[in-house]
Amino acid sequence: MAHWVSDGDGSDSFEWDSDGNGEEAGSFNTAGASSSAMASTNTDAPGPSRRVANGNGKAGPSASLVQRYIDMGFAEEIVVKAIKDNGDNGADALVELLLTYQELGNDLNVDNGFASGCVPQTVDDSGDDDFLENWDDLDAGGRSTRVANSVDDSGDEDFLHEMSQKDNKIDSLVKMGFPEDEAALAITRCGQDASISVLADSIYASQTAGDGYCGNLSDYEDGGRNKGRFMDGNNKKRKRYGSQALGSRGPLDGSADEPMLLPNPMVGFSLPDQWPRPVNRDLPALAMGPPYFYYENVALAPKGVWTIISRFLYDIQPEFVDSKYFCAAARKRGYIHNLPLENRSPLLPKPPRTITVAFPHTKRWWPSWDPRQQFNCLQTCVSSAKLLEKIRVTLTNSSDPPPPRVQKLVLEECRKWNLAWVGLNKVAPLEPDEMEFLLGFPKDHTRGICRTERFRSLGNSFQVDTVAYHLSVLKDMYPEGMNVLSLFSGIGGAEVALHRLGIRMKTVISVEKSEVNRTILRSWWDQTQTGTLIEINDVQTLTSERIEAYIRRFGGFDLVIGGSPCNNLAGSNRHHRNGLEGEHSSLFFQYVRILESVKSIQRL
DNA sequence: AGCATTCGGATATAATAA
DNA sequence: TTATTATATCCGAATGCT
């Protein structure tokens with residue numbers, strides 16, 4: 001443990017990492033580990049209770065509720081299905097749904113299959129899902145404590161475990177929108193241990209190509225599961241990602257586990273104020289727009305993740321950009337899109353690129369030995385007040401230029417937590433409105449929700465100037481405005497970017513789980529837009545039939561945009577950084593599913 | 001080998017509502 | 001009083017680069 005003793009008087013020794021805390025943390029951890037089985041059941045607890053409410057709605061909508069909409073002139077079949085599909089999206093969404101379903105006519109033969117099996121099944125099984133994941137964790141940790149309803153006989157137990165794992169995977173695949181029989185077939189084809197992404201890939205390949213294949217798929221599995229795999233042996237020279245064959249969605253192109261190379265500097269295909277570097281990008285015919293699409297996620301994902309993501313998006317090479325070239329904070333992200341690359345134009349006015357210009361009041365307090373000119377990535381959590389006070393006290397008790405050792409420790413914390421100098425020896429995290437400014441949102445965009453939620457939402461958001469620079473090519477292409485399908489919208493970074501570009505949005509269908517985020521987007525929309533905004537709570541309810549209904553009603557989508565949640569990808573995540581295996585990451589496949597659906601419908 | 005960076009999660013505690 | 005919500009504080013490792 002490093003003790004950080006102040007320079008001033010010897011009596012006032014200051015512990016940077018106090019051993020006392022360490023011990024407490026240790027005992028706390030053991031307690032947490034031994035009770036983790038209980039914790040797992042506890043985490044399940046809110047789920048079923050919420051699902052009970054859902055289940056009541058789904059088992060049978062109340063007669064009066066149905067009758068009310070029948071009285072409005074809707075057919076009973078449509079009302080029942082709409083209530084079922086709408087979930088808990090609210091009354092307004094229900095009316096929207098009724099209107100769209102009416103566009104489709106009364107022929108709901110196809111829908112019955114979906115409504116009967118799929119929805120309740122996924123609802124019920126996701127509970128098992130969580131349970132099994134926790135169980136797996138226990139096994140991996142070598143603990144043999146099992147939860148109450150486990151079986152005693154170990155052989156049966158393993159067997160059951162395998163079976164439930166299989167079911168678990170089938171359910172995950174069904175949740176992604178694959179037919180159940182295809183899912184089961186894929187597991188037979190690729191084995192019990194195949195990862196979700198490999199299985200999904202297999203289904204896609206067999207669906208599109210038609211011919212069955214069974215390649216060396218275990219490569220991906222090794223990358224995902226085995227913990228002891230880090231840099232064993234030789235570092236081969238990596239090929240540039242230009243060498244990746246386009247259009248081939250087959251995962252069996254030799255050593256396909258070759259990780260994607262991140263460009264250095266991370267400037268994407270072009271930057272404003274730069275000589276346009278020639279970038280040749282040949283999009284496969286399947287990928288060509290319209291509809292245009294734009295997918296975003298963290299650049300520093302676990303190994304192999306971007307290769308898989310790219311494979312599901314027509315093998316398009318991601319455009320990796322660090323937003324530090326657009327604003328005063330870093331933000332390394334990858335963007336896969338099929339937009340034209342010529343004639344991009346930046347958003348004006350350009351935001352400041354240094355901390356000093358962005359926040360002049362900090363200059364007075366900024367020590368000469370803190371060389372930072374930009375912030376690191378804006379994240380969803382902020383530092384504790386205790387740390388700030390530690391830093392202040394330590395510096396107060398130090399000499400004017402603090403000893404190098406103190407400088408190093410302080411700088412380390414400042415960089416880790418993005419602290420700014422706001423007073424004498426006083427650092428503080430950025431305020432929400434300062435983050436809004438750095439990210440290119442209008443002032444008070446996220447105001448009105450609690451502070452913690454603001455940090456969370458902003459930390460998950462786009463950097464508007466960066467995204468807008470890429471989207472700027474759309475302005476001349478759609479002078480009358482465009483229809484947008486916005487997935488995982490968050491606080492509406494995509495919408496704000498389009499608006500600031502002067503692009504009219506005729507219709508936006510927005511999928512966002514968080515209620516506060518939907519409120520923020522709705523509020524912004526109502527005071528800036530004239531078009532139609534339809535907000536959807538649960539991405540699962542955006543079925544292909546519903547997509548088709550929207551397309552018939554509003555015309556086709558011109559842009560499908562969104563970034564799938566990165567919880568299982570982000571480096572800051574200590575707990576479940578399991579790539580595309582995680583619960584949240586399956587939402588990426590929802591993005592793919594919906595994009596495919598839009599394309600196939602609009603192709604006709 | 002060392003260094004820097006990272007759209008986070010789980011839990012306890014405090015504040016507020018009912 | 002209890003229930004719900006907001007805040008506080010703790011928790012490393014994977015990855016790429018020099």
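Order of the sequence lines sets the chain letters (A, B, ...), proteins ahead of strands, with each chain counted from 1.
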- Query: Any Lys/Arg nitrogen of A:Lys386 or A:Glu389 sitting under 4.0 Å from an Asp/Glu carboxylate oxygen of the other?
  - Reply: no

- May I ask which nucleotide in the shown strands pairs with B:dA17, Watson-Crick or G-U wobble, both distances under 3.5 Å? C:dT2

- With the side chain of A:Trp417 defined as its heavy atoms from C-beta on, choose the nearest nucleotide among C:dA6, B:dT6, C:dC11. C:dC11

- Across the strands shown, which category fits A:Glu296 at heavy-atom distances under 4.0 angstrom: base, sugar-phosphate, nothing? base

- Complementary nucleotide for B:dC7 - Watson-Crick or wobble, under 3.5 Å: none

- C:dT15, B:dG9, B:dC7: which one has an atom nearest the side-chain heavy atoms of A:Lys303? C:dT15

- Query: Is there a side-chain contact between A:Leu347 and A:Phe326, using heavy atoms and a 4.5 Å cut-off?
  - Reply: no

- Item | Whole-Å distance separating the NZ atom of A:Lys390 from the C1' atom of C:dC10 | 11 Å

- Count the heavy atoms belonging to other residues, nucleotides or ligands that lie under 6.0 Å from CZ of A:Arg456, then report whether that count exceeds 12. no

- Task: Specify whether A:His337 and A:His470 have parallel, tilted or perpendicular ring planes, treating 30° as the upper limit for parallel and 60° as the lower limit for perpendicular.
- Result: parallel

- Task: Sticking with atom C1', work out how far B:dC7 lies from C:dC17, rounded to a whole angstrom.
- Result: 22 Å

- Query: Do the side chain of A:Arg456 and the base of B:dC7 come within less than 3.5 angstrom through a donor-acceptor pair of N or O atoms?
  - Reply: no

